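Heads up: the structure comes next, in structure tokens.
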Amino acid sequence: MLLREVEYAKPSSVAEALEILASNDGARALAGGQTMINVMKARAASPDALVDLAALESLKGIELAADGTLSIGAMTTYTELAASAEAKARPILGEVCAQIADVQVRNRGTIGGNLCSNDPTNHLPPLMVSTGAQLTIVSQSGERVVSADEFFLGVYLTAVGPGELLTKITLPAGKRDAFAAVTLGVDGTCIASAAASVDGSVRIALGCVDATPVLLRPASADEDAVRDAVRGAGLDPPEDVHASSEYRLHLSEVLAVRAAREASERS
Ligand SMILES: Cc1cc2nc3c(=O)[nH]c(=O)nc-3n(C[C@H](O)[C@H](O)[C@H](O)COP(=O)(O)OP(=O)(O)OC[C@H]3O[C@@H](n4cnc5c(N)ncnc54)[C@H](O)[C@@H]3O)c2cc1C
């Protein structure tokens, strides 16, 4: 389907992008366009103007600090993350990005777009929660930092409000992470997913079972503790053409155990 007529701007600075977003309620950021353009074609969204972030160099790139902290620009693509030497400081990030969809989506799709769209089947929201990422949001009134635990508010809804942009994702150092998913075919959309991090305390984030990733904090990564945590979370997963609610619940338990075990086996 053809897009309806839409204004287009390609600002050359974050300040200019924020000015356009603040002055037009109907303006929306455009990152890789892999979700945005599709929902516009389906008429599920109909912005008046697109603010293309592609020329904003300050939103690109990956920096590794001496203490292992990773700072990732929101416009960094999955392909760049998977290929980055710096990103290997937290290996799970590149490993998961390399599993997303196909090469076209990986070349265009950005970490910022993936998080801001917060599709419950997306790979990266649970991973950001399990790894304890911090997200930097800017507006004309300044900058604020939100933890991944508080960033995801609902389906397609995040802490990024009107007139704001997600600029940076910061991940603490750590290597003992894993991601397990049952997908629709190889590298397909997740039916259920679990991201686990056992660096320090155990954090497991389940995807596809609620509007936002569900964080579990079992006392240990042992199978019984993880199963108890999933069973005690009061989950009521949605059902759809791919899985019943009961099947998703079952998968969540299996995947949480698998992810916790794989994360524990990493050194
Ligand atoms: C065929 C296909 C299969 C896919 N399969 C998967 C999959 O298996 N797993 C998966 O995780 N994803 C999958 N995706 C989604 C893909 O990863 C998208 O790229 C991603 O969800 C959105 O990223 P984007 O950079 O394309 O953002 P866009 O589509 O450009 O934007 C998405 C939303 O985020 C907003 N936005 C983007 N960047 C910012 C920012 N910096 N600040 C504020 N708001 C912003 C936009 O306004 C828009 O509302 C698939 C997509 C396609 C087309």
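First listed ligand is number 1; within each ligand, the first listed atom is number 1. In this text, all values refer to a predicted model and were calculated from it rather than measured experimentally.
- Of the options S193, A27, G33, C116, the smallest heavy-atom separation from atom 36 (N) of ligand 1 is shown by C116.
- Listed by atom number, the atoms of ligand 1 under 4.0 Å from T189 heavy atoms are 8 (O).
- The closest heavy-atom contact to atom 27 (O) of ligand 1, among the options G113, A29, G112, G185, comes from G113.
- For atom 21 (O) of ligand 1, the closest heavy atom belonging to the protein is T35 OG1, 3.1 Å.
- When only non-hydrogen protein atoms are considered, atom 3 (C) of ligand 1 lies nearest to A101 CB, 3.7 Å.
- Identified under the ring-ring contact (aromatic ring centres under 6.0 Å, His included) test for residues 63-83, with sequence neighbours left out: none.
- Hydrophobic clustering of Ile, Leu, Val, Met, Phe, Trp and Tyr side chains at less than 4.5 Å, counting indirect connections, keeps V202 apart from L127.
- Under 4.0 angstrom from ligand 1, the non-hydrogen atoms of L165 come from both its backbone and its side chain.
- The protein atom (non-hydrogen) at minimum distance from atom 38 (N) of ligand 1 is A31 CB, 3.5 Å.
- For the residue pair R108 and T77, the shortest heavy atom distance occurs at O-CG2, 4.1 Å.
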**Message:** Using the rule given for side-chain contact (heavy atoms from CB on, under 4.5 Å), can you reason through R176 versus S197, listing the C-alpha separation, both sets of side-chain angles and the distance that settles it, and then say yes or no?
**Reply:** CA-CA 6 Å; R176 303 185 72 206; S197 176; over 6 Å; no
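- Counting heavy-atom neighbours within 6.0 Å of Q140 CD, excluding the residue itself, gives a total above 12.
- The ligand atoms of ligand 1 that sit less than 4.0 angstrom from a heavy atom of L53 are 40 (C), 41 (N).
- Atom 50 (C) of ligand 1 has its closest protein heavy atom at V105 CG1, 4.0 Å.
- Close contacts between ligand 1 and G188 involve ligand atoms 8 (O) [criterion: under 4.0 Å to a heavy atom].
- Considering each of M36, Q99, M40, R28, the one bringing a non-hydrogen atom nearest atom 49 (O) of ligand 1 is M36.
- Close N/O approach between D102 and ligand 1 is not found [any backbone or side-chain N/O within under 3.5 Å].
- Side-chain contact between L18 and V138 is present, with heavy atoms from C-beta onward closer than 4.5 Å.
- By the criterion of a heavy-atom distance under 4.0 Å, the side chain of Y78, and not its backbone, is placed next to ligand 1.
- Residues H123 and S193 are not in side-chain contact: their nearest non-hydrogen atoms beyond the backbone lie 4.5 Å or more apart.
- For atom 26 (O) of ligand 1, the closest heavy atom belonging to the protein is Q34 N, 2.8 Å.
- Closest protein heavy atom to atom 12 (N) of ligand 1: N122 OD1, 3.1 Å.
- Neither the backbone nor the side chain of D119 has a heavy atom within less than 4.0 Å of ligand 1.
- The closest protein non-hydrogen atom to atom 24 (P) of ligand 1 is G32 N, 3.5 Å.
- The nearest pair of heavy atoms linking D236 to S245 is OD1-OG, 3.8 Å.
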